[in-house]
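The structure appears below as structure tokens.
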There are 2 protein chains.
Amino acid sequence: MGNSKLYKGSLHTIILKLLEENGKMYGYEITQKVKEITNGELNITEGALYPALHKLEAEDLLDVEVAKVDNRLRKYYKLTEKGSKETVNKLKELENYIRNMQVLVNPNWSIE
Amino acid sequence: MGNSKLYKGSLHTIILKLLEENGKMYGYEITQKVKEITNGELNITEGALYPALHKLEAEDLLDVEVAKVDNRLRKYYKLTEKGSKETVNKLKELENYIRNMQVLVNPNWSIE
DNA sequence: AACTTATGCATAAGAAAATTATGTATTATA
DNA sequence: TATAATACATAATTTTCTTATGCATAAGTT
């Protein structure tokens with residue numbers, strides 16, 4: 001499986017967007033979801049994911065709720081109100097970045 | 001003007017693509033070109049650019065040619081053959097990344 | 001004439017955000 | 001019964017920037 005490069009800076013946006021879509025998710029679930037959606041091309045490493053979740057929580061963008069399923073720990077994360085707003089910003093930022101890259105590398109594709 | 005975020009990892013691709021388009025360029029020229037193309041949104045800092053150029057040169061992706069214009073130094077960079085091939089790879093990688101981001105954040109735009 | 005901005009290069013210190021390597025623990029599968 | 005999958009976590013290291021600093025010449029401004 002080709003492991004596509006994760007451009008640094010986009011992980012927070014991915015997490016926020018997935019939570020916006022799915023209401024609440026736990027860490028491991030996020031890694032699997034990303035793998036599934038990208039057909040195994042993008043693998044979020046745990047060393048990147050968990051510190052990212054902790055940071056988003058510390059910034060009050062996420063709320064946590066601990067659950068125990070099959071005697072195993074799960075930490076469910078969901079967006080706070082502040083997190084919902086920030087998600088919009090991050091998505092705009094990403095779109096803007098991609099537009100800039102489009103005019104810069106001038107490929108045969110464009111976003112529309 | 002707002003300095004849009006540069007997602008880490010895309011600078012090499014930008015440099016290679018600009019050189020592919022323009023044949024040869026010098027560092028300062030690259031910073032101005034990027035600023036011009038993105039309407040001032042993306043500013044390549046010197047602290048990022050020059051080390052990047054040196055690294056690409058060390059990897060034999062770029063050739064250098066020193067010139068003196070108006071009693072001032074210029075270092076013109078151009079793609080080596082290896083650099084041309086790598087440019088194709090980097091562009092594919094970028095396009096792939098953007099496609100993955102597209103399915104992940106499922107926005108109201110898509111590339112085509 | 002003196003000062004500032006633009007042109008042109010460079011590197012060092014620090015920060016951000018990953019990867020890689022470990023570690024713990026439970027459950028499912030071969 | 002060993003291995004893979006599930007589920008969390010952190011430390012060390014690497015990559016890739018930003019910010020700060022430095023040198024030097026040319027052009028424009030006060």
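All values below were derived from every heavy atom in this structure, side-chain atoms included, with hydrogens, water molecules and symmetry-related copies excluded. Labels below follow one simple rule: chain letters A, B, ... track the order of the sequence lines, proteins then strands, and each chain is numbered from 1. Everything quoted here is computed from the prediction, not taken from an experiment.
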What nucleotide among [options] has an atom nearest to a side-chain atom of [X]?
X     : options                : value
A:Y28 : D:dC8, C:dT11, D:dT10  : D:dC8
A:A48 : C:dT19, C:dA10, D:dC17 : C:dT19
A:L11 : C:dA10, C:dA18, D:dA26 : C:dA18
B:K8  : C:dC9, D:dA26, D:dC17  : D:dC17
B:T45 : D:dT19, D:dC17, C:dA17 : D:dT19
A:R72 : C:dG8, D:dT6, D:dC8    : D:dT6
A:Y26 : C:dA18, C:dA10, D:dC8  : D:dC8

Assign [X] to base, sugar-phosphate, or nothing according to its heavy-atom contacts below 4.0 angstrom with the strands shown.
X     : value
A:R74 : sugar-phosphate
A:E46 : base
B:K68 : nothing

Is there a side-chain polar atom (N or O) of [X] under 4.0 Å from OP1 or OP2 of [N]?
X     : N      : answer
B:N71 : D:dA26 : yes
B:H54 : C:dT11 : yes
B:Y50 : C:dA10 : no

Given atom [atom1] of [X] and atom [atom2] of [N], what is their separation to the nearest angstrom?
X     : N      : atom1 : atom2 : answer
B:N43 : C:dT7  : CG    : C1'   : 16 Å
A:M25 : D:dA7  : CE    : P     : 12 Å
B:L56 : D:dC17 : CG    : P     : 10 Å
A:E29 : D:dC8  : CD    : C1'   : 15 Å
A:Y77 : D:dA7  : OH    : P     : 14 Å
B:I15 : D:dT16 : CD1   : P     : 12 Å
B:L49 : D:dC17 : CG    : C1'   : 12 Å
A:L73 : D:dA9  : CG    : P     : 7 Å

Q. Yes or no on side-chain contact (heavy atoms from CB on, under 4.5 Å) for B:L49 and B:Y28, after CA distance, side-chain angles and deciding distance?
A. CA-CA 9 Å; B:L49 179 70; B:Y28 186 75; over 6 Å; no
Q: Establish, from distance only, whether the side-chain atoms of A:S10 and B:Y97 form a donor-acceptor pair under 3.5 Å.
A: yes
Q. Does the pair A:T13 and B:Y7 meet the rule for a side-chain contact (heavy atoms from CB on, under 4.5 Å), with working shown?
A. CA-CA 12 Å; A:T13 307; B:Y7 285 71; 4.3 Å; yes
Q) Between B:K92 and B:E95, is there a salt bridge with N-O shorter than 4.0 Å? A) no
Q: In sequence, state the C-alpha distance, the side-chain angles, and the governing distance for B:K17 and A:L104, and then conclude on side-chain contact (heavy atoms from CB on, under 4.5 Å).
A: CA-CA 8 Å; B:K17 176 61 183 179; A:L104 271 173; over 6 Å; no
Q | Residue met sooner reading DNA chain C from 5', once B:G47 and A:H12 are mapped to nucleotides | A | B:G47
Q. If you find the nucleotide of DNA chain C closest to A:K55 and the one closest to A:D70, which residue's nucleotide is nearer the 5' end?
A.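 Taking each residue's closest nucleotide, the earlier one in sequence belongs to A:K55.
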Q. Where do B:L91 and B:E20 come nearest, in terms of heavy atoms and distance?
A. CD1-OE1, 4.4 Å
